[in-house]
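Just so you know, residue 1 is the first one in the sequence shown, and it goes up from there. Values in this document were obtained by computation on a predicted structure and should not be read as measured data.
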Amino acid sequence: FEEIKDLFDPKGLMNPGKIVRPSKQDDRSLFRYKPGYRTIPIETALDWSEHGGFDKAVEMCNNNGHCRKFDAGTMCPSYRATRDEQHLTRGRANTLRLALSGQLDTNEVEDALASGAVHAALDLCVSCKGCKRECPTGVDMAKMKVEFLHHYRLRHGLGLKDRLVAYLPRYAPYASRLTPLVNVLQRAFKGLLGFASQRSLPNWRRDAFTEKNHPHPNLPPEGEGENRRQVVLMMDTFNRYFEPENAR
């Protein structure tokens with residue numbers, strides 16, 4: 001077979017490595033993990049003992065490519081929008097694996113895990129859990145993103161947009177008093193604040209739902225009324241300051 005192959009294909013251009021002179025089954029240079037591959041232990045925020053560690057959870061991705069499918073299911077919505085391997089469950093898992101094994105161009109694994117490369121790969125993950133539900137091996141990229149963000153924020157801190165969203169309940173009572181001004185400012189500067197300029201932000205409302213304009217009703221004394229009940233209305237920030245008609 002080798003002689004016939006050499007006669008008809010002396011340069012080995014047609015199907016190299018097939019039928020004759022194939023690769024050895026135990027050639028580690030062809031393995032997914034090459035010789036010397038190892039991961040560097042890190043202190044995680046979440047419990048990954050179920051998988052044997054964070055690195056083992058990442059390595060559950062076996063590159064089967066089910067996340068690239070478009071015919072049914074949920075995953076991966078960001079890949080369906082971008083068609084970019086980077087924004088795919090598989091691409092994200094491989095990026096995390098490179099970070100955890102010290103194969104990214106950084107000094108330490110902690111630097112790699114909090115690097116811009118990993119952030120770029122995970123930034124568009126919407127944490128829909130489609131991968132955990134539909135991936136044959138159950139890769140949970142949403143949980144991995146939580147772990148990544150923990151390390152990233154420890155290293156880089158919170159950005160302005162993150163603070164505006166996270167601390168919204170704290171400053172909402174004061175911002176709602178300046179409704180016209182705040183609405184104008186957020187429309188004008190939403191791009192600079194880190195929000196997509198193409199999307200509209202919810203408008204602050206003058207008629208915010210507060211205890212002052214909706215005092216607690218006087219309840220009848222004990223024993224009066226047949227089915228006396230007390231109802232507690234738990235107000236969230238958006239229904240209080242942006243869509244008060246829902247609460248009313």
Side-chain angles (χ1 to χ4, degrees), residues 23 26-69 74-163 165-166 194-196:
S23 304
D26 58 353
D27 185 354
R28 282 191 58 84
S29 66
L30 300 176
F31 285 8
R32 182 173 172 222
Y33 304 127
K34 295 184 178 181
Y37 173 86
R38 68 183 182 89
T39 57
I40 304 172
I42 63 170
E43 184 176 347
T44 60
L46 303 178
D47 181 8
W48 298 93
S49 58
E50 175 187 358
H51 308 285
F54 182 43
D55 56 334
K56 298 298 185 292
V58 172
E59 292 167 6
M60 285 175 62
C61 173
N62 60 15
N63 287 328
N64 62 72
H66 187 76
C67 43
R68 294 177 60 93
K69 298 179 71 175
T74 302
M75 72 172 183
C76 178
S78 48
Y79 173 71
R80 294 184 183 187
T82 65
R83 308 296 175 94
D84 187 341
E85 176 79 16
Q86 176 182 237
H87 304 298
L88 180 69
T89 303
R90 180 174 68 181
R92 292 169 178 140
N94 281 327
T95 302
L96 284 169
R97 184 172 57 80
L98 292 175
L100 292 172
S101 58
Q103 297 186 64
L104 292 182
D105 189 19
T106 52
N107 296 327
E108 301 176 2
V109 67
E110 287 288 350
D111 293 329
L113 194 58
S115 67
V118 181
H119 184 275
L122 287 165
D123 188 33
L124 297 187
C125 172
V126 297
S127 301
C128 66
K129 292 275 188 176
C131 48
K132 178 176 174 60
R133 183 172 58 251
E134 298 172 16
C135 174
T137 59
V139 173
D140 190 350
M141 190 54 60
K143 183 179 178 180
M144 294 178 191
K145 183 174 182 178
V146 173
E147 183 69 48
F148 156 72
L149 285 175
H150 168 75
H151 295 272
Y152 189 83
R153 295 307 176 198
L154 283 178
R155 186 60 56 93
H156 301 284
L158 291 171
L160 178 59
K161 183 180 75 171
D162 303 307
R163 294 180 184 276
V165 175
F195 297 97

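- Nearest heavy atoms, Ala120 versus Gln86: CB-OE1, 3.8 Å.
- When every heavy atom of Ser115 is checked against every heavy atom of Tyr152, the shortest pair comes out as O-CE1, 4.0 Å.
- The NE2 atom of His151 lies 5.0 Å from the CG atom of Leu113; values are rounded to the nearest 0.5 Å.
- Annotation for His119 and Phe148: closest pair CA-CZ, 3.4 Å, computed over non-hydrogen atoms.
- Going from atom CG of Asp123 over to atom CZ of Arg92 covers 9.0 Å, rounded to the nearest 0.5 Å.
- In this structure, Leu149 CG and Leu122 CG are separated by 7.5 Å, a value rounded to the nearest 0.5 Å.
- Summarising the geometry, atom OG1 belonging to Thr89 is positioned 5.5 Å from atom CE belonging to Met141; distances are rounded to the nearest 0.5 Å.
- Distance CG/Asp55 to OG/Ser101: 9.5 Å, rounded to 0.5 Å.
- To the nearest 0.5 Å, atom CE of residue Met144 and atom OG1 of residue Thr95 are 12.0 Å apart.
- Counting heavy atoms from C-beta on, the side chains of Leu104 and Val118 come closer than 4.5 Å.
- Residues Val58 and Ala93 come closest through the heavy atom pair CG1-O, 3.3 Å.
- Of all heavy-atom pairs between Ala114 and His156, the closest is O-NE2, 2.7 Å.
- Annotation: side-chain hydrogen bond (donor to acceptor under 3.5 Å, both in side chains) contacts involving residues 136-145, sequence neighbours excluded, comprise Lys129-Asp140.
- For Arg68, the side chain to side chain contact (heavy atoms under 4.5 Å, CB included) partners are Tyr79, Glu85, Leu88, Arg90, not counting sequence neighbours.
- Shown here for Met75 and Glu134, the closest heavy-atom pair between the two residues is N-OE1, 3.3 Å.
- Within the 3.5 Å criterion, the main-chain N or O of Phe54 finds no donor-acceptor partner in the side chain of Glu147.
- The side chain to side chain donor-acceptor pair (under 3.5 Å) search around Asp162 returns Arg153, not counting sequence neighbours.
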